Number of protein chains: 2
Amino acid sequence: MKIQELADKMGLTIHTIRFYEKEGLLDDRHVRRESNNYRNYSEEAIERLKLIKKFQSIGCSLAELKEVLQDHDANAQTNLQIIDWIRGKKKEIESKKEEYDQMLETLNKMLEYRTLLMDDPQKAQEMLMTSHASSSD
Amino acid sequence: MKIQELADKMGLTIHTIRFYEKEGLLDDRHVRRESNNYRNYSEEAIERLKLIKKFQSIGCSLAELKEVLQDHDANAQTNLQIIDWIRGKKKEIESKKEEYDQMLETLNKMLEYRTLLMDDPQKAQEMLMTSHASSSD
DNA sequence: ATAAACTATAAAGTGAACTCTATGGCAAGC
DNA sequence: GCTTGCCATAGAGTTCACTTTATAGTTTAT
């Protein structure tokens, strides 16, 4: 598979894919070269890019990913470090989920205030006086 | 309250606080000037910075925040837009939470694989053959 | 009264993650 | 065989959110 095809499949630009390669996020399990020097991507490349996207969406940096996506032929020390990293990430994600729950509460209060502001500005003003649950503190 | 005191309270640098002001995230409810031109922060500044931090932690850009934290003296049109924004954010957060749940599953599988790799590399290898739930796609 | 510690502004610098530009080689259709 | 389009590299440019630097005025302690 050539670069444009992969880019289309993944919703990325060819620039981004080459950029990831340059950053060491892809290796020869994912890209090889044809005789004309064109890049040729394997199916594993798709899985790798999906994994990158997934990790990115939870706030991992590319540098972090580079470490953790290393092949398992790395030494045991690295393996232990990766286990630590995974445990740390799990905790991060769990506390992030709690943060999100709080945020939903905040957004609900904001919505209540803004809706009231449309219907009855007088009452909205009163709401501001008694609590501080708006976007206008 | 002077800028250093606020910075200490909020765990920010004075540079960051001035930067937020320049970006329009603070107004005269939060900062005024003393006769010597020093900034003087109100208690509302603390609440505002807390809100900024909260929104930032769920991935809002400062530009986005500037829009949504505007005072309620904006017109009704703006108010409607803000209500839309809040609704959109709620959906975003809810789907983000689902993503996080999936991610936790992925991490658990990675952890299982990496742990097995320490104890019994042979079996870990077999695991790779039957499923694709590792960092080594 | 002088040093230190704090305040101010304006502007340049940084790092992450792209994104784009310039330049040129290959390939497929007419 | 020429145009169009995809591929290559190298390097410059962009955006965001700070962060640092340079320069200078103000306040506080000794």
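Every chain is numbered from 1 and lettered A, B, ... according to where its sequence line falls, protein lines coming before strand lines. The model shown is predicted, which means the values in this text are computed figures rather than measured ones.
Using modelled atom types and a 3.5 Å distance limit, the side chains of B/Arg32 and B/Asn40 yield no donor-acceptor pair. There is no side-chain donor-acceptor pair under 3.5 Å between A/Glu112 and A/Asn108.
B/Asp8 has its CG atom 15 Å from the P atom of C/dA5, to the nearest Å. Between the CD atom of B/Glu23 and the C1' atom of C/dA11 there is a distance of 14 Å, rounded to whole Å. Here C/dA8 presents its P atom at 10 Å from CD of B/Gln4, a figure rounded to the nearest Å. Atom pair B/Asn40:CG and D/dT26:C1' shows a separation of 15 Å (rounding to whole Å applied). A/Lys53 places its NZ atom 15 Å from the C1' atom of C/dA17, with the value rounded to the nearest Å. Computed from coordinates, the A/Glu21 CD to C/dT19 C1' distance equals 17 Å when rounded to whole Å. Rounded to an integer number of Å, the gap from CD of A/Glu34 to P of C/dC26 is 13 Å. When rounded to the nearest whole Å, the span between CG of A/Leu6 and P of D/dC6 equals 16 Å.
Axis deviation across the helix from C/dA1-D/dT30 to C/dC30-D/dG1 amounts to 10°, comparing end segments of five pairs, rounded to 10 degrees.
In this structure, the side chain of B/Asp120 does not engage the main chain of B/Leu116 through any donor-acceptor pair within 3.5 Å.
Nearest to the side chain of A/Arg39, among C/dC26, D/dA8, C/dT9, sits D/dA8.
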| Footprint string (nucleotides 13-24 of chain D, 5' to 3'): B base within contact, S backbone only, - free, heavy atoms under 4.0 Å | ----BBSB----
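Among the heavy atoms of the strands lying under 4.0 Å from A/Arg18 is at least one base atom, whether or not backbone atoms are also near. Among the heavy atoms of the strands lying under 4.0 Å from A/Ile3 are primed sugar atoms or P, OP1, OP2 only; no base atom is included.
B/Asp101 has a carboxylate O that lies under 4.0 Å from a charged side-chain N of A/Lys97, or vice versa, which qualifies the two as a salt bridge.
Side chains of A/Leu51 and A/Leu65 form no contact here, defined as non-hydrogen atoms less than 4.5 Å apart.
The side chain of A/Asn36 places an N or O atom within less than 4.0 Å of a non-bridging phosphate oxygen (OP1 or OP2) of C/dA27. For D/dT26, neither phosphate oxygen OP1 nor OP2 lies less than 4.0 angstrom from any side-chain nitrogen or oxygen of B/Arg33.
Looking at every heavy atom in both residues, B/Leu111 comes nearest to A/Ile83 through CD1-CG2, 3.8 Å.
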Report all interatomic pairs (protein N or O, nucleotide N or O of nucleotides 3-5 of chain D) with separations under 3.5 Å.
none

